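All heavy atoms count here, side chains included; hydrogens, waters and symmetry mates do not. Lettering of chains follows the sequences in order, A, B, ..., and the numbering in each one begins at 1. Note that this is a predicted model, so its numbers are computed, not measured.
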Amino acid sequence: MGRGAVPGLDASAAESLLRGDLGHAGAPDVLVHLLTAATAPARPHELDGEEAALAAFRAPALAPGHPSRRRTLVTRLLTVKVTAAFALTAAGGVALAAVDALPRIPGVSSLGSRFGGRATSGAGLAPGATTSGAGRQSASPRSTPTPLPSTHPSPENLCLLLLADRPTGPAGIGSSGLDSQALATLIALAGGDPAAVGPYCSRLLGVPVRPASQLPSPASAATPANPASPTAPLSPQPRSASLSARPSPSASKSHSPRPSPVPTSSQPDPNAADRSPSSTPATRSATVSSSRGGHR
Amino acid sequence: MTRGEYGQSLDLVVCGLSTAGATHGDRLESDDLIAAAQRGDEEAFRLLYREVQPRLLRYLRTLVPCDAEDVAADVWLEIARGIQGFRGDVDDFRGWAATIARHRALDLLRRVRRRPGVDIPVEELTQLAAADDTAGGALDALSTDTAVALIATLPRDQAEAVMLRVVVGLSAEAAGEVLGKRPGAIRTAAHRGLRRLAERLGHPDRPAGRRRETTVRLRKR
């Protein structure tokens with residue numbers, strides 16, 4: 001270990017240091033100290049990510065699609081409920097029209113109360129309908145004069161439909177499952193501009209749809225129901241009635257047959273888009289488990 | 001020398017002395033650990049994490065000092081997803097993890113450099129180095145962060161070679177695989193790096209007798 005360029009560090013000393021043999025004779029103390037410090041025990045903050053790593057380990061198949069998976073679930077639930085609501089609404093509307101729609105406009109509210117008009121529905125998933133149902137029953141005596149387009153769902157439901165059926169992104173408006181009449185209504189509600197539909201709906205529903213507390217209050221949900229617009233499809237009673245008429249289990253049951261008040265011809269895609277992300281983790285976990293078996 | 005001895009020092013340290021790993025430290029049977037983790041054993045994965053994460057983090061600090069934690073978190077996501085397909089022992093596992101970490105870090109560096117006006121990490125490193133010069137007299141008290149930062153002031157190929165070999169615990173061959181170089185090139189870079197570090201630290205050149213005492217003491221352990 002002469003005083004060369006670097007005293008005390010010949011090739012073998014360097015190599016033993018690199019192997020982690022920090023006690024090798026001939027290695028300069030400074031280097032030993034340095035490398036000892038560099039390989040010191042783990043300090044607690046270095047392991048801060050442990051739980052996150054374990055969480056990823058627990059659900060490796062889900063980890064990549066976590067956000068999208070959550071979104072898919074919400075979307076699918078919405079689709080189920082809203083589709084069921086739509087179907088029932090349409091049926092109720094037809095029934096209403098058949099029974100005594102025109103002569104007895106106040107009968108709308110009576111029908112609503114006959115079905116209870118309760119605010120069950122989406123239990124937080126579709127709280128727009130919930131709040132409107134509750135709010136409107138009390139408001140019904142005030143003679144909402146426009147039950148005419150009773151086959152249309154409320155703006156909230158239209159928005160939920162749009163949300164549920166939209167494949168991804170705003171580009172899907174045109175190809176969504178809404179029939180053209182409903183879509184036109186929605187656009188009209190939004191002020192005549194298709195581009196305004198998204199903001200309108202997000203304003204109406206509140207962006208995070210899940211927690212009911214974050215959603216518009218009954219009052220605000222009722223705002224689009226201003227009597228100024230006669231074309232506004234404001235016949236909430238049959239709708240909330242039908243929503244509440246069916247307990248939610250039936251709504252989820254109706255998922256597989258998937259009632260199609262919406263033109264099915266134009267929308268196989270949204271369905272596929274709904275399911276494919278969730279099928280990916282499934283297949284992945286299948287492969288995972290098979291490779292597990294293979295490994296053993 | 002078997003491959004297993006490369007990571008020995010940190011194994012003992014991490015799993016033997018740290019409170020977190022104390023109960024499991026004596027059973028770090030590498031192949032069992034990997035196999036158990038692949039069967040879904042969470043504790044095995046936890047031990048792997050504790051064994052590898054500090055090394056990865058320190059290695060990443062030499063590449064992306066300010067984003068090492070974030071990159072490491074991404075690395076573990078990828079490890080969690082890919083561990084089923086992994087084949088090898090714990091040494092290979094360290095190499096695999098280091099490879100992922102390096103890719104992630106270099107991706108980040110590319111992204112950062114593309115943006116104008118963002119500090120180039122190398123400059124941050126030299127600043128750290130300047131700060132470390134003051135610590136030269138108190139080497140005994142060198143903190144891990146300072147030590148890693150000092151190594152990070154080396155030219156990157158040397159810093160990586162030193163970190164991969166000493167801290168991550170890879171052989172020259174394994175480090176070469178991570179870096180896409182031949183083992184000989186790794187050795188050269190690592191030796192140069194060590195020499196440069198010794199120069200930079202002022203090589204107090206302690207009396208040989210004392211050094212040997214230390215050596216003997218360490219060997220007895």
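A distance of 10.0 Å separates CG of Leu31(A) from CD of Glu199(B), quoted to the nearest 0.5 Å.
Considering only heavy atoms from C-beta on, Gln53(B) stays 4.5 Å or farther from Glu50(A) through its side chain. In this structure, Val167(B) and Leu35(A) have side chains that are not in contact, with every pair of non-hydrogen atoms separated by 4.5 Å or more. Side-chain contact between Phe57(A) and Ile83(B) is present, with heavy atoms from C-beta onward closer than 4.5 Å. Residues Tyr49(B) and Leu47(A) are in side-chain contact: their nearest non-hydrogen atoms beyond the backbone lie under 4.5 Å apart.
The side-chain contact (heavy atoms from CB on, under 4.5 Å) with Val166(B) is formed by just one residue from the set Leu34(A), Leu18(A), Leu17(A); it is Leu18(A).
For the pair Arg58(B) (side chain) and Ala38(A) (backbone), a donor-acceptor distance under 3.5 Å is present.
With sequence neighbours left out, the salt bridge (Lys or Arg N to Asp or Glu O under 4.0 Å) criterion links Arg43(A) to Glu46(A), Asp145(B). With sequence neighbours left out, Ala44(B) forms a side chain to side chain contact (heavy atoms under 4.5 Å, CB included) with Leu33(B), Ala36(B), Ala37(B), Asp41(B).
With a 4.5 Å cut-off on non-hydrogen atoms, Leu164(B) does not touch chain A at all. For Ile79(B), no part sits under 4.5 Å from any heavy atom of chain A, backbone or side chain.
Thr144(B) approaches Ala37(A) most closely through the heavy-atom pair OG1-O, 2.8 Å. Here the closest heavy-atom approach between residue Pro54(B) and residue Ala42(A) is recorded as CG-CB, 3.4 Å.
Residues Glu69(B) and His45(A) bring no donor and acceptor atom of their side chains to less than 3.5 Å of each other.
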